[in-house]
Number of protein chains: 2
Amino acid sequence: MYTIKEVSQKTHLTPYTIRFYTDKGLVPNIQRNKNNTRLFNEESIGWLIRVKYLKDCGMPIKVIKHYVDLYLEGTDSLLPRYKIILEYTHLAQKQLEDAKKRVKFMQHKVKHYTELINKTNGNTSDIINTKECLHDNFIR
Amino acid sequence: MYTIKEVSQKTHLTPYTIRFYTDKGLVPNIQRNKNNTRLFNEESIGWLIRVKYLKDCGMPIKVIKHYVDLYLEGTDSLLPRYKIILEYTHLAQKQLEDAKKRVKFMQHKVKHYTELINKTNGNTSDIINTKECLHDNFIR
DNA sequence: TGCTTGACTTCGTGTTGCTCGAATGTTCTA
DNA sequence: TAGAACATTCGAGCAACACGAAGTCAAGCA
């Protein structure tokens with residue numbers, strides 16, 4: 001059994017967030033000791049990690065709660081759960097594509113800036129295209 | 001010159017968001033006509049798109065505002081701007097890695113669910129490892 | 001001319017998902 | 001015995017929008 005601080009270190013979630021999630025019912029079967037302190041076991045940690053994954057896929061807290069409730073219903077809820085997972089798998093894939101574009105965008109900017117800084121340090125005379133390459137819509 | 005609705009279609013940002021961004025000063029040199037209506041040109045649209053990229057990299061509105069202000073200062077601010085871009089390029093790369101992990105996680109779940117559903121539809125007798133593969137920490 | 005429509009404006013409130021501080025309590029250690 | 005180091009709840013605050021209400025204005029039309 002772990003305290004909230006230990007779980008925080010294991011999951012890289014803040015104690016605030018962990019309390020928030022448990023209060024929302026996203027972590028089933030949370031125990032308390034006589035001092036009312038939350039007690040987590042390996043299962044709770046697993047849930048927290050999975051909740052984090054789902055949330056980062058763009059799943060709202062309410063949907064995660066719904067998914068957890070479905071799980072607790074047992075195998076009867078396999079299909080609805082599967083549908084939810086499928087939906088957010090598509091979202092996760094879209095996020096991946098977007099992330100690739102963002103990295104390219106940023107690397108483009110980095111390249112632009114390094115060139116510009118090199119020029120400014122060297123012969124400052126040839127800063128072409130005043131206002132930093134106005135033809136390039138990704139720059140500025 | 002474009003109205004807010006046209007810009008909304010071009011940028012895939014809602015009019016609410018566009019107003020929010022212009023009010024925060026993230027889009028330089030926004031004009032108004034005599035009716036006080038915001039008028040956008042190609043430059044404004046470019047800024048909105050870039051703001052969206054930066055925001056999606058995890059850059060907070062305040063930092064974007066700071067970056068835009070630095071840009072308006074001219075070439076003197078090249079180095080501080082470059083440092084900001086570099087910082088968030090790293091963040092974008094981390095996001096990309098995380099996005100890959102999330103897709104793997106979700107695909108893992110999809111695979112698990114399809115197997116489970118097939119079993120349940122076919123010979124329902126061999127649902128092994130009661131409670132849906134308790135050994136696999138990514139499942140549930 | 002007068003009226004309706006529609007797209008814009010500002011302003012203020014609501015939402016999500018945390019984040020934090022304050023007040024309080026227990027337990028361990030010097 | 002005091003205080004440090006945890007934990008608790010509750011309520012407020014914050015970021016980044018989302019949205020409705022109320023007002024303004026130009027264009028179109030009977």
Side-chain angles (χ1 to χ4, degrees), chain A residues 1-27 30-41 44-45 47-68 84 88 91-92 95 98 102, chain B residues 1-27 30-41 44-45 47-68 84 88 91-92 95 98 102:
Chain A
M1 290 296 198
Y2 308 98
T3 70
I4 211 161
K5 201 177 188 187
E6 293 164 323
V7 176
S8 172
Q9 283 154 2
K10 281 175 186 277
T11 58
H12 302 111
L13 293 166
T14 72
Y16 298 124
T17 307
I18 296 170
R19 279 189 208 105
F20 181 76
Y21 286 169
T22 58
D23 291 352
K24 292 279 172 184
L26 308 187
V27 186
I30 286 291
Q31 314 279 24
R32 304 259 187 164
N33 66 12
K34 47 261 161 207
N35 298 329
N36 205 26
T37 299
R38 290 169 187 82
L39 292 180
F40 302 83
N41 55 24
S44 331
I45 293 174
W47 275 107
L48 282 169
I49 291 168
R50 292 189 298 272
V51 163
K52 194 184 181 188
Y53 265 109
L54 295 177
K55 187 218 61 178
D56 288 343
C57 286
M59 194 183 287
I61 301 292
K62 281 180 186 175
V63 179
I64 299 177
K65 166 69 173 161
H66 182 215
Y67 178 82
V68 172
I84 295 175
Y88 286 92
L91 222 175
Q95 283 179 350
D98 291 348
R102 282 199 298 273
Chain B
M1 290 294 197
Y2 308 98
T3 71
I4 212 161
K5 203 177 187 186
E6 293 164 324
V7 176
S8 172
Q9 283 155 3
K10 281 174 185 277
T11 58
H12 301 110
L13 293 166
T14 72
Y16 299 123
T17 308
I18 296 170
R19 280 189 208 104
F20 181 76
Y21 286 170
T22 58
D23 292 352
K24 292 279 172 183
L26 307 187
V27 186
I30 285 292
Q31 314 281 19
R32 304 263 186 160
N33 67 9
K34 46 261 160 209
N35 299 329
N36 205 27
T37 300
R38 292 170 185 80
L39 292 179
F40 302 83
N41 55 25
S44 332
I45 293 174
W47 275 106
L48 282 169
I49 292 169
R50 292 189 299 273
V51 163
K52 195 185 179 186
Y53 266 109
L54 294 177
K55 187 218 62 177
D56 288 345
C57 287
M59 194 183 287
I61 302 290
K62 280 182 185 174
V63 178
I64 300 177
K65 166 69 172 158
H66 181 217
Y67 178 82
V68 172
I84 295 175
Y88 285 92
L91 222 176
Q95 283 179 349
D98 291 349
R102 282 198 299 273

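Just so it is clear: chains get the letters A, B, ... in the order the sequence lines come, proteins before strands, and each one is counted from 1.
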Query raised in the report: Should B:Ile64 and B:Tyr21 count as side-chain neighbours, where that means a heavy-atom distance under 4.5 Å?
Result: no

Report summary line: Rounded to whole Å, CG of A:Leu39 lies from P of C:dT27 at a distance of 13 Å

Query - Gap between atoms CZ and P, on A:Phe40 and D:dT8 respectively (whole Å) - result: 7 Å

Query raised in the report: side chain to side chain contact (heavy atoms under 4.5 Å, CB included) with A:Lys24: which of A:Thr22, A:Leu26, A:Val27?
Result: A:Leu26

Query raised in the report: To the nearest angstrom, how far is B:Lys24 atom NZ from D:dA18 atom C1'?
Result: 14 Å

Query raised in the report: Between atom OH in B:Tyr2 and atom P in C:dC8, what is the gap in whole Å?
Result: 15 Å

Report task. Identify whether any heavy atom of B:Pro15 sits under 4.0 Å from a base atom; if not, whether one sits that close to sugar-phosphate; answer base, sugar-phosphate or nothing. Result -> nothing

Report task. Name the closest nucleotide to the B:Arg32 side chain, picking from C:dT9, D:dT9, D:dC17. Result -> C:dT9

Query raised in the report: Are B:Lys62 and D:dA15 close enough that a side-chain N or O sits under 4.0 Å from OP1 or OP2?
Result: yes

Query - Residue mapping more 5' on DNA chain C - nearest nucleotide basis, A:Asn35 or A:Thr14 - result: A:Thr14

Query raised in the report: Is there side-chain contact between A:Thr37 and A:Arg32, with heavy atoms separated by less than 4.5 Å?
Result: no

Query raised in the report: What nucleotide, of C:dG17, D:dG20, C:dT10, holds the atom closest to the side chain of B:Tyr16?
Result: D:dG20

Query raised in the report: Would you say A:Lys52 and A:Leu13 make side-chain contact, with heavy atoms under 4.5 Å?
Result: yes

Requested in this report: Determine: side-chain N/O of A:Thr17 to OP1/OP2 of C:dG17, distance under 4.0 Å, yes or no.
Outcome: no

Query raised in the report: Rounded to the Å, how far apart are A:Asp23 CG and C:dT16 C1'?
Result: 16 Å

Requested in this report: With the side chain of A:Thr3 defined as its heavy atoms from C-beta on, choose the nearest nucleotide among C:dT9, D:dA7, C:dC18.
Outcome: D:dA7

Report task. Indicate whether OP1 or OP2 belonging to D:dT9 is found under 4.0 Å from a side-chain N or O atom of A:Arg38. Result -> yes

Query - Nearest-Å distance for atom pair NZ/P, residues B:Lys5 and D:dA26 - result: 20 Å

Query raised in the report: Would you say the side chain of A:Met59 lies within less than 4.5 Å of the side chain of A:Ile84, judging by non-hydrogen atoms?
Result: yes

Report task. Would you mind reading off the distance between A:Asp56 atom CG and C:dG17 atom P, rounded to a whole angstrom? Result -> 12 Å

Query raised in the report: Which part of the nucleic acid, if any, lies within contact of B:Arg19, taking any heavy atom under 4.0 Å across all strands shown: a base, the sugar-phosphate backbone alone, or nothing?
Result: base

Report task. Please figure out whether A:Lys34 or A:Phe20 has its closest DNA chain C nucleotide nearer the 5' end. Result -> A:Phe20

Query raised in the report: Which whole-number value in Å describes the distance from A:Asn33 CG to D:dA7 C1'?
Result: 9 Å

